[in-house]
Amino acid sequence: MTYAMIESFSLDTTEVVTLTELADYCGMSPADLDELMGYNALQPLPDTAPDFTFSAHWVVPLRTVAKLRMDFDLDLFTVAILLEKLRQIALLERQVQSLQALVPDHLRQT
């Protein structure tokens, strides 16, 4: 799989990936992803056990936390916290964009 294909996953959340594929795409081991699931930081799609599958929206945040893990030598518990914080930031950014769309043009600051 090419880098461009991996990056396009963030745009297509309907794409489904297996645990092994997700591990390959984000640069983490399946055991690491299992541990993140144990911390409830990573949720598989419902009713997919024991062969877990995931929405492709996990690829980009997991790649981000995997890079931070390597850069700062973080343990997986800290990675789980970072992953949750990235999800919260993304949610807040979407909410801000929704609210900004409601503001009339003449009231918007440039």
Side-chain angles (χ1 to χ4, degrees):
M1 177 159 292
T2 66
Y3 181 78
M5 291 172 70
I6 292 170
E7 291 303 315
S8 71
F9 279 140
S10 65
L11 303 176
D12 185 7
T13 58
T14 61
E15 185 75 32
V16 175
V17 294
T18 65
L19 179 68
T20 305
E21 290 172 332
L22 187 59
D24 288 342
Y25 299 157
C26 69
M28 298 177 81
S29 72
D32 290 344
L33 297 181
D34 280 337
E35 190 171 337
L36 289 175
M37 284 191 296
Y39 293 134
N40 291 322
L42 175 63
Q43 291 93 29
L45 293 172
D47 303 322
T48 60
D51 299 321
F52 295 110
T53 57
F54 301 85
S55 168
H57 83 270
W58 287 107
V59 173
V60 173
L62 281 170
R63 286 174 56 124
T64 302
V65 296
K67 182 174 180 345
L68 290 169
R69 180 183 184 199
M70 295 298 294
D71 290 348
F72 297 104
D73 194 28
L74 303 174
D75 60 48
L76 275 172
F77 183 75
T78 304
V79 168
I81 293 170
L82 282 173
L83 189 57
E84 178 58 28
K85 295 304 174 193
L86 283 176
R87 289 181 56 210
Q88 289 174 350
I89 290 168
L91 174 64
L92 291 170
E93 286 175 340
R94 286 191 303 272
Q95 290 174 344
V96 166
Q97 289 174 349
S98 295
L99 291 170
Q100 285 175 336
L102 298 174
V103 174
D105 288 337
H106 69 280
L107 296 176
R108 290 187 188 168
Q109 293 180 350
T110 55

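Note that the structure is predicted; figures quoted are calculated from it, not measured.
Atom-to-atom distance recorded for Arg69:CZ and Leu83:CG is 12.5 Å, nearest 0.5 angstrom. We find the NZ-CG distance between Lys85 and Leu82 to be 9.5 Å, quoted to the nearest 0.5 Å. The structure places CG of Leu42 at 6.0 Å from CE of Met37, a figure rounded to the nearest 0.5 Å. Rounded to the nearest 0.5 angstrom, Tyr25 OH and Thr18 OG1 are separated by 7.0 Å. Taking NZ from Lys67 and CZ from Phe72, the interatomic distance works out to 8.0 Å, rounded to the nearest 0.5 Å. In this structure, the separation between NE2 on His57 and CZ on Arg87 is 6.0 Å, given to the nearest 0.5 Å.
Considering every non-hydrogen atom in both Glu21 and Val16, the closest pair reads OE1-O, 4.3 Å. Here the shortest heavy-atom pairing between Thr48 and Leu45 reads OG1-O, 2.8 Å. The minimum heavy-atom distance linking Ser29 with Ala23 is given by the pair C-CB, 3.9 Å. Contact detail for Ala66 and Cys26: the closest heavy-atom pair is CB-O, 3.3 Å.
Hydrophobic clustering of Ile, Leu, Val, Met, Phe, Trp and Tyr side chains at less than 4.5 Å, counting indirect connections, keeps Leu92 apart from Leu99. By the criterion of side-chain heavy atoms lying less than 4.5 angstrom apart, applied directly or through intervening Ile, Leu, Val, Met, Phe, Trp or Tyr residues, Leu91 is not grouped with Trp58; the two fall into different hydrophobic clusters. Under the 4.5 Å side-chain heavy-atom criterion for grouping Ile, Leu, Val, Met, Phe, Trp and Tyr, Leu36 is connected to Ile81 within one hydrophobic cluster. Under the 4.5 Å side-chain heavy-atom criterion for ILVMFWY residues, a single connected hydrophobic cluster contains both Val65 and Tyr39.
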### Message
One pair to check against side-chain contact (heavy atoms from CB on, under 4.5 Å): Leu62 and Leu33. What are the steps and the verdict?
### Response
CA-CA 9 Å; Leu62 281 170; Leu33 297 181; 4.1 Å; yes

### Task
Could you walk me through whether Val79 and Glu35 pass side-chain contact (heavy atoms from CB on, under 4.5 Å), step by step?
CA-CA 10 Å; Val79 168; Glu35 190 171 337; over 6 Å; no

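By the neighbour-count criterion of 12 heavy atoms within 6.0 Å, atom CZ of Phe77 is sparsely surrounded, having that number or fewer from other residues, nucleotides or ligands.
Under the side-chain contact (heavy atoms from CB on, under 4.5 Å) test applied with Pro30, the options Asp24, Leu19, Leu22 reduce to a single match, Leu19.
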